Every structure is written in structure tokens, then in C-alpha cells.
Asks: 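Have a look at this one before I ask anything.
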Amino acid sequence: MKKPHLQKQDKQLYTILKKEEDKQQYKLSMIASENFTSKAVREAVGSVFMNKYSEGYPKKRYYEGNYFIDELESLAIERAKKLFKLPTDWGVNVQPLSGSPANLAVYIALLKPHDKIMGMYLPDGGHLSHGWSYNPTPEKKGFAPNIMFYKGGKRKVNVSSKFFEAVQYKTNPKTKMFDYDEVEKIAIKHKPQLIITGGTAYPREIDYKRMKKIAKKVGAYYMADIAHEAGLIAAGVNKSPVGIADIVTMTTHKTLRCNRGAIILAREDLMKKINRAIFPGLQGGPHNHSIAGIAVGLKEAMAPTFKTYAAHIVKNAQRLAKELQTYGFDIVTGGTDKHLILVDLTNKGIFGKKFARALDCAGIIINYNTMPWETRPPADPSALRVGTPWITTRGMKEKEIVVIAKWFDEVMKIIATWEESKEDVPFADFNKKAQTSKELAKIANEVKKLCKQFPLDI
Ligand code: DSN
């Protein structure tokens, strides 16, 4: 996109922007929660819609001059209804600023302070906003060994654990997958008012019907947070919780490939309360330029090409899991149903933080991650989370995945020569070494060549 004004008016910022553009163009982003939006989405986000205040909802605003904003918001709502095949008695809110505020709005709408919420244990793949808290003491590290649920720690780091009581269910220690019988037992024991599924690093599909049954049994609402899978669900590649869960929340900028923002779907009776919780409960004026970008992205997601795209995200992730396994990488749960895989690095003896740093120096951007039954601290955990939404947007397919997996192996082999015994190089030294490594720079150069064959429409 041409930015003549910025270049003339603010060279300093323009230079930073150009560097970010070049990095996005010439490195591979494999962060599972990231994607690359179309020019049309970016044009809408950068539009004059950002100049308008519009507290309230269509036709019920507290400022004049909102006739076109009403049209815009109604269009975004209609498109969300169509894309996610909403039952007629369900409604939509497109105003949440992002995923955590969307979830918080649901809690504020449906719960009283100190009511109990039950979500997935964060290190197993849950989300901070699903009630996370931990214990700062080194011997406990915030984790809950040997039991299937977690009652939380003293450090209430998220508002969801500060204002509500939280209990969290874990995955099965053997399969690292949902153990629905255990989840049911925990729900019966703790009687939460709200049960939550979804999160950031769970590679398998969730049985929404079973979860709804469990919630019903204990008289809880059931909220499915589909932030990561929204695009896959919209495309019909993953199953949908719409019409099963009581509430569905999502961010819009991951597999759904819109700009940053969030959407809440719920039965109309609940949506009335949720609307009030968003405004005036939690937010002021909606970010109309974000809603405009989301409306454009939702239209893009209705096109048949988006279905093919979403199917390819999953194919690429599944192929990547298989290829990495041939290089001796352990894949948590043995594979994936979605856009992400979790690589358990325990057998390699070099963990997520160092491997992610080295991969970045080799042109592949990724994030280190905790994994089910994690024993290491979240700032230096055992695993790597790898996602395929962005590289699939570039048009990469299985052929490129094979090459990418080979690079993972090469990078691991290079850094393994730096460590004589497990973890003996301090991180600062490791980082210096990675940044000046000719071998990693050589791979980065190959990555750049591949990226040039699959350019982003910047
Ligand atoms: N930060 C997002 C992710 O990476 O999954 C979740 O909020």
C-alpha cells in the first residue's frame, strides 16, 4: 500500500513501518494466532470510520450523525449471522475490542462477582481470560501435579480470577486430550456457574455437545471461546458450537483473517444482557474502523475460496506434524485437527525459548509454549506452538511444508552443537550466538528466497 503522506510527514515512524513490512514479507510467520489481512480489510481499517463516536447500538445511539455507522454495524452483524449460520433466536455483538474484553463482558453479563467459572488449565492450552492464577513459589511453579483439576494460585494475574472464583480442568495425562468424564466429575464437584472451552494451544477438536451436556447437568452456562478456530468453523472444516453452546466468543484476526477485534454470538435472551455489559458496562465508543474491517473480512470468509483456504490450513498443519515426526520431533497428541501443532522438545534437550530464538534468526517466527502436564516455567517452557494460517495465506502447500520441516531440523541440529550438555549455555550467550550464526543466517536467506516466491500483497 502506498503511504506517501506518512513517508513525507513522519520519516521516523515510516522507517519503523517499512522494517516491519519487510520482516513480514521476508520471514515466515508461524505463530498460530497470526494471519495476514487483505488490502481491502486494511483499507477499511484505515478509513474515516475511525473518526466517529457512536456509543450505543444501531438506531439507539447517544451521538448524532450515526446513520452510516448504523448501516455499517448492521451489515457486520448480518454477515456474522450468515457466516456462522446463526439460529433465528441468536444475536451478535461486533463491538468487543478484542477477545479478553469479549469474554469479560460475558462474565459481567451472566455472573455475579465471586461466582465460579471453570475453564481449561492454561498450561494445557487454555487462555488467561478463562480464570488463570498461579503460585509464585518456585517449588510449586503455579502448576498442579498429579491431579486433574487446578484450584488456582495466590497470584490472581487476570481479572477473570480476581473477580470470579476459578477452577480449571486439565487434559488426560496420557493422551493429553480432553477427558470428558473427568471434566464432568470436576463440574459436579465444583458446581461452576459458567463452563468454558477453547484457548490457545489445544490441537484437537472439542466435543461441544458433550460439554453442553455437562454444563446442563450442573446448571451452568456453557461458553465456547473459538478465537483460534473461528475461520475453520466458518469454513465448515471444524465443527461449530453455534446452537449448542449458550454463548460463543471469538477474536477475528486469527484463522478468520480479519483485522483485530472480537465477536460474541449468543441466544437473544443472553445477548440482551451481553450487549448491556459491553456498553455501557465495559466499553465506550466502538472502534468503527475495526468493525468496518471485520465486515469486509467476514464477506471474504463467505467466498468459496475461503473454504479451500481453511481446508489447506489444516492439511498443511497435519503434513507439518508428520514431517517433523520423521525428524524425531514429538508432536503432542500425535497430530492435529486444526491450524496448530504443539512440539514437545523434551527429547531434544533444548527447549522452546532457545529453539524459538534460533528459528527467528533463521527467518521463521514462532512462539515457545507450555504443553499439557508442563513442568517448566511459562517463560521457558518445554514446547513450541507452530501454526499454518499465515503461510497458507501466502499460498504455501505441502511441498513448501516439507522444506520448512527440514529447516526446523537443521536449526535444531545447529544449536545442538552449541550445547555440550543439557542447557549449559546461558540464554544471553545463546542469543548472541544465534544472532551472529552464519549457519542460521544461511537458512534465513533460503527462507527469504521462498518468501519471494510467495509474496504478501503489502
Ligand atoms: N495471544 C493469543 C494467542 O497467541 O493465542 C491469545 O490471546
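Quantities reported herein were computed from a predicted structural model and do not represent experimental measurements. As the structure lists them, so they are numbered: ligands from 1, and atoms in each ligand from 1.
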Asks: State whether any protein heavy atom lies less than 4.0 Å from atom 1 (N) of ligand 1.
Replies: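 Answer no: nothing from the protein, no heavy atom, is under 4.0 Å.
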
Asks: Under 4.0 Å from any heavy atom of His228, which atoms of ligand 1 are there?
Replies: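 Heavy-atom distances to His228 below 4.0 Å select 3 (C), 5 (O).
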
Asks: Which of the numbered atoms in ligand 1 are under 4.0 angstrom from any heavy atom belonging to Ser33?
Replies: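 It comes down to these atoms of ligand 1: 3 (C), 4 (O), 5 (O).
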
Asks: I'd like to know whether the aromatic ring centres of Trp132 and Tyr150 sit less than 6.0 Å apart in this structure.
Replies: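 Distance test on ring centres: under 6.0 Å, yes.
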
Asks: Should you measure from each heavy atom of Thr200, which atoms of ligand 1 turn up under 4.0 Å away?
Replies: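 Those qualifying, in numeric order: 5 (O), 6 (C).
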
Asks: Does any non-hydrogen side-chain atom of Gln435 lie less than 4.5 Å from one of Arg357?
Replies: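 A side-chain contact under 4.5 Å exists here.
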
Asks: So, do Thr197 and Phe178 sit near enough that their side-chain heavy atoms are less than 4.5 Å apart?
Replies: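 They are in contact (side-chain heavy atoms under 4.5 Å apart), so the answer is yes.
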
Asks: List ligand 1 atoms under 4.0 Å from His127, heavy atoms only on the residue side.
Replies: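 Those qualifying, in numeric order: 6 (C), 7 (O).
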
Asks: Using a 4.0 Å heavy-atom cut-off, say whether Arg385 meets ligand 1 through its side chain, its backbone, both or neither.
Replies: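 Answer for Arg385: side chain.
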
Asks: Applying side-chain contact (heavy atoms from CB on, under 4.5 Å), run through Glu184 and Val218 and close with a yes or a no.
Replies: CA-CA 9 Å; Glu184 183 168 335; Val218 300; over 6 Å; no

Asks: May I ask you to check if Arg376 and Tyr368 form a cation-pi contact, with NZ or CZ under 6.0 angstrom from the six-membered ring centre and within 45° of the axis?
Replies: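 Here Arg376 fails the 6.0 Å and 45° test against Tyr368.
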
